[in-house]
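For reference, the structure is listed below as structure tokens.
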Amino acid sequence: MTATTETPQAASAGAPSARAAETEAVDPALRETARALHAPVVDWFATHARDLPWRRPEAGAWGVMVSEFMLQQTPVNRVLPVYEEWMKRWPRPADLAAEAPGEAVRAWGRLGYPRRALRLHGAAKAIAERHGGEVPLEHAQLLALPGVGEYTAAAVVSFAYGKRHAVLDTNVRRVFARAVSGRQYPPNATTAAERKLARALLPEDDETASRWAAATMELGALVCTARSPQCGRCPIAAQCAWQLAGAPEHQGPARRTQAYAGTDRQVRGRLLAVLRAAKEPVPQSDLDRVWHEPVQRARALDGLVADGLVEPLDGKRYRLPLS
């Protein structure tokens, strides 16, 4: 369920619902391709799906939502311990909403991209205030929550409530690029054509569509991986357009890689680590020790303040936000 971090307004633009997609014309050949893929992928998932806590019935819609926020650009093995502790502490949205947002940032630990913690806290408050503490069922209501974009809304509707929606994360995009489009990798950014393809490939009934969404995601995570695809284990290798074309090398723009060492992200992480460990406001002098370069350190700290992750106080002291 690893997905590109989404901007809610941008993510939802140009992304019609799965039901609205039924009015779109679908190439008969593509429809046949979809039908040929559904059963082997869903059957493979029934046997090979990982036992993850957010897939268990007791997780509920809130557990699914928490997992989707955490899994954006973060692998499962890093998410698992944080998720378990989070759900023990805040088993319902109202439990999180009652806490200061800085506590969400503290509990986020080293997952990275800590603004997700603030967004999840904002979503929990909205759920508690607008929906009686229950994660809404409707896609449009989910999209209206702070920090929830098209991907997260579709994932919650599909995985928590078993509804028919195209769920398009990085893993699913890669599976579709190879199996259907015959390309080694999808474009760097999700395109309208990919969204249309995902809708065209959806099974027609809710239950199968929900399983298909989870199954294609798992197939991309475990078998159709980015660097070393294990095509010998793939249930659709014989139908894969990329394999049938001879597994051609990627011809598009270079794949993006994200550096970390020496970047402002690393400095921000070190500053936040000090603040997460502290129960009282932290003086500037303590933060100055975490990074040797003063200009970059000041820029990173200013960025944390601007993002609402750090609250400045009198006397050059800082803390995680209380409101």
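Nothing fancy with the numbering, it's 1 onward along the sequence.
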Legend entry - Proximity of W62 and W90 rings by center, below 6.0 Å: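 Distance test on ring centres: not under 6.0 Å, no.
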If only atom types and distance count, is the side chain of [X] paired as donor or acceptor with the main-chain N or O of [Y] below 3.5 Å?
X: E99; Y: A104; value: no
X: Y83; Y: M70; value: no
X: Q251; Y: E249; value: yes
X: R78; Y: L71; value: no
X: D307; Y: L304; value: no
X: R299; Y: D264; value: no
X: E194; Y: T191; value: yes
X: S210; Y: E207; value: no
X: R106; Y: R276; value: yes
X: Q243; Y: A238; value: no

With distance as the sole criterion, is a donor-acceptor pair present between the side chains of [X] and [Y] under 3.5 Å?
X: S285; Y: D288; answer: no
X: Q72; Y: Y113; answer: no
X: R174; Y: T225; answer: no

Legend entry - All ring pair (Phe, Tyr, Trp, His ring centres under 6.0 Å) counterparts of H48, not counting sequence neighbours: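 Ring pair (Phe, Tyr, Trp, His ring centres under 6.0 Å) check on H48 returns W44.
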Any chain of hydrophobic side-chain contacts (each under 4.5 Å) joining [X] to [Y]?
X: L137; Y: V64; result: yes
X: I236; Y: L197; result: yes
X: L301; Y: V274; result: yes
X: L320; Y: V82; result: no
X: L120; Y: L118; result: no

Legend entry - Steps toward side-chain contact (heavy atoms from CB on, under 4.5 Å) verdict (L37, T33): CA-CA 6 Å; L37 296 175; T33 296; 4.0 Å; yes
Inset, instruction - Give the ring-plane orientation class for H139 versus H165, where under 30° counts as parallel, over 60° as perpendicular and anything between as tilted. - result: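 Parallel, since the angle between the ring planes stays under 30°.
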Inset, instruction - Could you check whether the rings of H250 and Y185 sit parallel, tilted or perpendicular, using 30° and 60° as the cut-offs? - result: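 Perpendicular.
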Inset, instruction - Show your working on side-chain contact (heavy atoms from CB on, under 4.5 Å) between R89 and L96 and close with a plain yes or no. - result: CA-CA 8 Å; R89 183 173 179 181; L96 176 59; over 6 Å; no
Approximate separation, where rounding is to 0.5 Å, of [X] [atom1] and [Y] [atom2]:
X: F45; Y: R211; atom1: CZ; atom2: CZ; value: 5.0 Å
X: W86; Y: D95; atom1: CH2; atom2: CG; value: 12.0 Å
X: R270; Y: R265; atom1: CZ; atom2: CZ; value: 13.0 Å
X: L275; Y: L309; atom1: CG; atom2: CG; value: 10.0 Å
X: L202; Y: R164; atom1: CG; atom2: CZ; value: 4.5 Å
X: T190; Y: E150; atom1: OG1; atom2: CD; value: 10.5 Å

Might you confirm whether atom [atom1] of [X] has over 12 heavy atoms from other residues, nucleotides or ligands at distances under 6.0 Å?
X: E58; atom1: CD; value: yes
X: E134; atom1: CD; value: no
X: R130; atom1: CZ; value: yes
X: E293; atom1: CD; value: yes

Do [X] and [Y] have side-chain heavy atoms sitting under 4.5 Å apart?
X: T216; Y: N171; value: no
X: Y318; Y: D286; value: no
X: L111; Y: R116; value: yes
X: P136; Y: V156; value: no

If you compare all heavy atoms of [X] against all heavy atoms of [Y], which two are closest, and at what distance to 0.1 Å?
X: L142; Y: A153; value: CD1-O, 3.7 Å
X: A34; Y: L201; value: CB-CD2, 3.7 Å
X: R319; Y: P281; value: CB-CA, 4.3 Å
X: L271; Y: R297; value: CD1-O, 4.1 Å
X: R178; Y: P229; value: NH1-CB, 3.6 Å
X: A198; Y: A166; value: CB-CB, 4.0 Å

Legend entry - R317 bridged to D314 by N-O distance under 4.0 Å: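 Salt bridge between R317 and D314, a charged N being under 4.0 Å from a carboxylate O: no.
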Inset, instruction - List the steps and the verdict of side-chain contact (heavy atoms from CB on, under 4.5 Å) for V66 and W54. - result: CA-CA 9 Å; V66 170; W54 46 85; over 6 Å; no
Legend entry - Chi angles and distances behind the side-chain hydrogen bond (donor to acceptor under 3.5 Å, both in side chains) call for Q296, W291: CA-CA 8 Å; Q296 187 179 25; W291 197 254; 2.8 Å; yes
Inset, instruction - Go through the steps for R183 and W242 under the test side-chain contact (heavy atoms from CB on, under 4.5 Å), then give the verdict. - result: CA-CA 6 Å; R183 297 192 301 268; W242 183 57; 5.7 Å; no
